[in-house]
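Heads up: the structure comes next, in structure tokens.
Whatever order the structure lists them in is the order used to number ligands and atoms, beginning at 1.
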Amino acid sequence: MSTTKYWVQALKTAKKNFNKLFHKEAIPDRRFVDNKFGKYEVVRPWQVSDQNTVPAYIPHPPYSKYMQLNKGLLKPEIKNENQIQCMRDSCDMAKEVLSQAKQFIKPGVTTDFLNDKIHEMIISNGAYPSPLNYRGFPKSICTSINNVACHGIPDNRPLLEGDTLNIDITVYLNGYHGDCSDMFVVGKADEEANRLINITDLCLWEAIKTCKPNENFSSIGNIIEDTARKHGFNVIPALMGHGIGNYFHGPPDVLHFANNKPGKMQPGMTFTIEPCLTQGDVEVEILEDGWTVVTVDEARTAQIEHTILITQNGCDVLTFK
Ligand code: MF3
Ligand code: CO
Ligand code: CO
């Protein structure tokens, strides 16, 4: 190699490493597809800014400082009136914040900006944004775009016209978590994206309709998979709903695919249903950041989530407006 060539190469490498280390212009290679799934960007992580802080006077969940998780409940908890009221309050706030998020979504806005706005809203209401530091998660909400199935980390990528975006918000209030997510389109999206979102919503609500005392938890997955397939979509089996309470995730696992796992719903149980449907195959992978879940075939996905309470004669959707 000539001396000049050597230095050009060396400088390139140095610059690349500098950018990596100091998070300058860390823009990944961008790729747009126009195929049977639609016309969209295959999204990869961009640059993540520093963590937001939560004032000390706001009660923090136990995992926020030490990596301590819940003390392993073995079966779904039956909540008393007090605990149910706490769940109602945290879920009310989660749904209110999620509905406020909508106003900020437009082309050019970054998910980092959405994270900051929502973080502010949550702490100004006296709650803690549950994802922050949960198993080391670096931000206050999850934002998952196009081929990102879930757990996307807010970053400095500006939203593009036609993006499909999931915002997942969980708040910790009075010692209890409330968890919900919804899909948004940036500007206008293509026909298939809208159909995917509508069918995901349909699947969730078909499942919710079956929820009542003595119903099998497996009914949820059976109806979701059935409904998704009827409309030509697949359910990503790796992504499950969960029991929720003074813990973020606990029993039961709520499977979204056809199954006959034992377990029945009882009054006082609270859990999430959060099906994630894909236009393509069900395989997903986790990227090097340890969080971002993407589809292997780069198909787009949609996920919508509610927290449910089983009542004496049916269920309440605690995060429904
Ligand atoms: N809110 C997500 C769920 O529905 C969990 C996010 S965990 C995080 O279960 F650490 F990624 F925030
Ligand atoms: Co969630
Ligand atoms: Co959840």
Side-chain angles (χ1 to χ4, degrees), residues 45 48 51-52 54 60-65 67-70 76 87 90-91 93-99 101 111-112 114-115 118-119 122 127-145 148-155 165-173 176-184 200-201 204 207-208 217 220-221 224 236-256 269-277 284 286-287 289-294 301-309 317-320:
V48 178
Q51 252 182 3
N52 306 61
V54 178
H60 288 45
Y63 56 77
S64 71
K65 291 181 184 98
M67 281 271 270
Q68 175 201 332
L69 294 172
N70 50 302
M87 284 302 297
S90 61
C91 288
M93 188 187 296
K95 78 176 166 203
E96 180 55 34
V97 171
L98 183 56
S99 77
T111 47
D112 191 47
L114 298 177
N115 177 83
I118 293 168
H119 179 90
I122 293 170
Y128 180 100
S130 308
L132 189 65
N133 254 328
Y134 178 73
R135 296 174 177 261
F137 191 80
K139 287 284 167 179
S140 303
I141 61 172
C142 298
T143 50
S144 306
I145 300 169
V148 178
C150 70
H151 300 165
I153 302 172
D155 61 24
L165 165 68
N166 171 280
I167 300 186
D168 193 331
I169 293 179
T170 314
V171 306
Y172 180 74
L173 178 68
Y176 285 76
H177 298 271
D179 188 4
C180 54
S181 82
D182 204 356
M183 291 301 299
F184 304 90
T200 302
D201 196 55
L204 172 58
I208 288 171
F217 275 106
I220 292 174
I224 289 174
I236 296 181
L239 306 177
M240 290 178 279
H242 49 92
I244 184 165
N246 58 7
Y247 44 91
F248 195 169
H249 297 103
D253 286 340
V254 177
L255 309 181
H256 299 125
M269 289 182 179
T270 54
F271 54 88
T272 72
I273 308 178
E274 46 185 300
C276 185
L277 271 58
V284 290
I286 300 176
L287 301 183
D289 59 20
W291 284 104
T292 310
V293 177
V294 298
T301 61
Q303 183 179 36
I304 306 180
E305 172 174 32
H306 276 306
T307 297
I308 314 292
L309 163 72
V317 186
L318 300 183
T319 47
F320 183 58

- Charged N-O contact under 4.0 Å between Lys139 and Asp155: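 Result for this pair is no, no salt bridge flagged.
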Do the non-hydrogen side-chain atoms of [X] and [Y] ever get within less than 4.5 Å of each other?
X: Asn52; Y: Asn115; answer: yes
X: Glu305; Y: Asp168; answer: yes
X: Ser64; Y: Tyr134; answer: no

- Query: How would you list, by chain and number, every residue that makes a side chain to side chain donor-acceptor pair (under 3.5 Å) with Glu96, sequence neighbours excluded?
  - Reply: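 If we apply the side chain to side chain donor-acceptor pair (under 3.5 Å) test to Glu96, skipping adjacent residues, the hits are Gln100, Lys321.
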- Message: Can you list every protein residue that has a heavy atom under 4.0 Å from any atom of ligand 1, sorted by chain and residue number?
- Response: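 Close residues (ligand 1, cut-off 4.0 Å): Pro131, Tyr134, Phe137, Cys142, His151, Asp168, Thr170, Asp179, His242, Phe248, His249, Glu274, Trp291, Glu305.
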- Message: If I compare all heavy atoms of Ala94 with all of Val171, which pair ends up nearest, and what's the gap?
- Response: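 Looking at all heavy atoms of both residues, the shortest contact is N-CG2, 4.0 Å.
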- Item | His249 near the Co ion (ligand 3) via N/O/S, less than 2.8 Å |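 Here the distance criterion (N, O or S atom, under 2.8 Å) is not met by His249, so no.
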- Judged by modelled atom types alone, do Asp182 and Asn166 share a side-chain donor-acceptor pair under 3.5 Å?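 No donor-acceptor contact under 3.5 Å links the two side chains.
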- Message: Could you check whether Tyr247 and His242 have their ring centres less than 6.0 Å apart?
- Response: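 Between His242 and Tyr247, the centre distance exceeds or equals 6.0 Å.
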- Task: For His177, enumerate each residue passing the ring pair (Phe, Tyr, Trp, His ring centres under 6.0 Å) test, keeping only those at least two apart in sequence or located in another chain.
- Result: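 Result, ring pair (Phe, Tyr, Trp, His ring centres under 6.0 Å) vs His177: Tyr172, Phe248.
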- Task: Taking the Co ion (ligand 2) as the centre, count the protein N/O/S atoms lying under 2.8 Å from it.
- Result: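 That number is 4, waters not included.
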- Pairwise distance CD1(Ile308) to CG(Leu204) - rounded to 0.5 angstrom: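 Separation between the atoms: 6.5 Å.
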